[in-house]
Amino acid sequence: MKKIQKPILVTQSTLPPFEEYVEKINTIWKSHWLTNQGVLHQELQKKLETFLECKYVELCVNGHSALDVLVKSLELKGEVITTPFTFVSTIHALSMNNIKPVFCDIKDSDYTIDEDKVESLITSKTSAILGVHVYGLPCNIIKLWSIAKKHHIKLIFDAAHAFGVQYKGKSVASYGDASMFSFHATKVFNTIEGGAVAQNNLKLQEKMNLIKNFGISDPEHIIALGLNAKMNEFQAAMGLCNLKYLDASIASRKLAAEAYDKGLKKIPGIKLVKINKNITKYNYAYYPIVIDEKEYGLTRDELFKKLAQNKIFARKYFYPLISDCDYYRESYKDASLPIARYVAKRVLTLPLFSGLEPEIVSAICSVIQSCYKK
Ligand SMILES: *Cc1c(COP(=O)(O)O)cnc(C)c1O
């Protein structure tokens, strides 16, 4: 059994070989072109349009501003139905645009929005459904799409976790009205900080391009309200370098995830996610477990502490639930979210990153096994 010597954090950013990045940014010194749709930006944009199987990719400085630019460009208003089981960015992007987030409960199978509970939340004010492919696990896209069509509202996705994920044989980005991706340092694919909106509508692309650059259409014309959400050339360079290693990186995550499956599946009270491989080609972005304290003998918070004592730093993603965090709690105390509340209290995401050795994973599993109380 391998011993855990140095601390194991929940994630570790993927970096390309140093020399490859240096070579890539060399072109920036030659051109003196640091940002504003430079050559590297254009190159990454083209590559991602192919990779994500959609017509248009709008690159942004980070995932949150990509979502913000998307919400503004679609002119969403009133209410948007979404999930509280997400990172706060999803919900703030709505609130900051004067839209009321309406929270729908999640499913206990994959923690995504419960498509069977969405329709009862639709009102005359609803302008969109915002699904989150949480942990990279795709929502029931087909069902959500038919609901959105029936009610003439938009369907967009926070696909921050879902880079490289396929649903029914196609990229998740090829579905719905648009998908936002985050390329933050902690995500499966990173551009240091960064993000994008992937979609298929030319008008929307032009509008997002305008809004992400202050609404300036040409040097003498400012035709819309906008902000600065542009991706710079250093970010694009990192993306181009990291993209080459994406397959290897996902394969490495898969090995670690399989080692977790093997080490944890027999421990009572530890619930693992089952990936339906007929529908989903997964990217192994996260490894969430849900702890039933009655069966396991320890609560999530107790296990979290035990792991930390053993230099294993898991994270309580996603706790608190956004509907129950300090900022939003008052407005949502009556929301019916039994499954989301159950899961948020019991979920723990274990360390998972490219290069995490299966032997270390086995050691982590042994700690979890040893805490089990019969
Ligand atoms: C990371 C993340 C974001 C925000 O992306 P940034 O690139 O950090 O701005 C949005 N939604 C979810 C679910 C995320 O995990």
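Every number for a ligand or one of its atoms is a count from 1 in the order of the listing.
Around the CG atom of Leu202, the shell of radius 6.0 Å holds more than 12 heavy atoms that belong to other residues, nucleotides or ligands. The environment of Glu119 atom CD is dense: over 12 non-hydrogen atoms of other residues, nucleotides or ligands sit within 6.0 angstrom.
For ligand 1, the atoms closer than 4.0 angstrom to any heavy atom of His64 are 4 (C), 5 (O), 6 (P), 9 (O). Listed by number with element, the atoms of ligand 1 under 4.0 Å from a non-hydrogen atom of Thr90 are 11 (N). Listed by number with element, the atoms of ligand 1 under 4.0 angstrom from any heavy atom of Asn62 are 7 (O), 9 (O). Near Thr86, meaning under 4.0 Å from any of its heavy atoms, are these atoms of ligand 1: 13 (C). Interface atoms of ligand 1 facing His161, defined by a heavy-atom separation under 4.0 Å, are 13 (C), 14 (C), 15 (O). Atoms of ligand 1 lying under 4.0 Å from at least one heavy atom of Gly194, given by number and element, are 7 (O). Distances below 4.0 Å separate heavy atoms of Phe87 from the following atoms of ligand 1: 2 (C), 3 (C), 12 (C), 13 (C), 14 (C), 15 (O). Each of the atoms 3 (C), 4 (C), 10 (C) of ligand 1 lies under 4.0 Å from some heavy atom of Ser89.
Geometrically, Arg346 does not engage Tyr296 in a cation-pi contact, judged by NZ or CZ lying under 6.0 Å from the ring centre and within 45° of the ring axis.
Sorted by first then second residue, the side chain to side chain donor-acceptor pair (under 3.5 Å) pairs that include residues 247-256, not counting sequence neighbours, are Lys254-Glu258.
Using a 4.0 Å heavy-atom cutoff, Glu193 is absent from the residues neighbouring ligand 1. Using 4.0 Å as the threshold, Ala66 has no heavy atom nearer than that to any atom of ligand 1.
Taking only nitrogen or oxygen atoms, main chain and side chain alike, Ala160 does not reach within less than 3.5 Å of ligand 1. When only interatomic distances are considered, the shortest N/O to N/O separation between Lys187 and ligand 1 falls below 3.5 Å. For a threshold of 3.5 Å applied to N or O pairs, the pair formed by Asp158 and ligand 1 contains at least one separation below that value.
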Next item on the list: Assess whether side-chain contact (heavy atoms from CB on, under 4.5 Å) is satisfied between Asn36 and His41, documenting all intermediate values.
Entry: CA-CA 8 Å; Asn36 290 20; His41 178 292; over 6 Å; no
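Ring centroids of His161 and Tyr111 are separated by 6.0 Å or more, keeping the two rings apart.
Ser182 OG, 3.2 Å is the protein heavy atom nearest to atom 5 (O) of ligand 1.
Between Phe189 and Phe163, the two ring planes are parallel [angle under 30°; tilted spans 30° to 60°].
Remark: of the listed residues Val80, Ile81, Leu130, Thr82, Thr82 is the sole one forming a side chain to side chain contact (heavy atoms under 4.5 Å, CB included) with Pro101.
With hydrogens and angles disregarded, no donor-acceptor distance shorter than 3.5 Å links the side chain of Lys187 to the backbone of Ala285.
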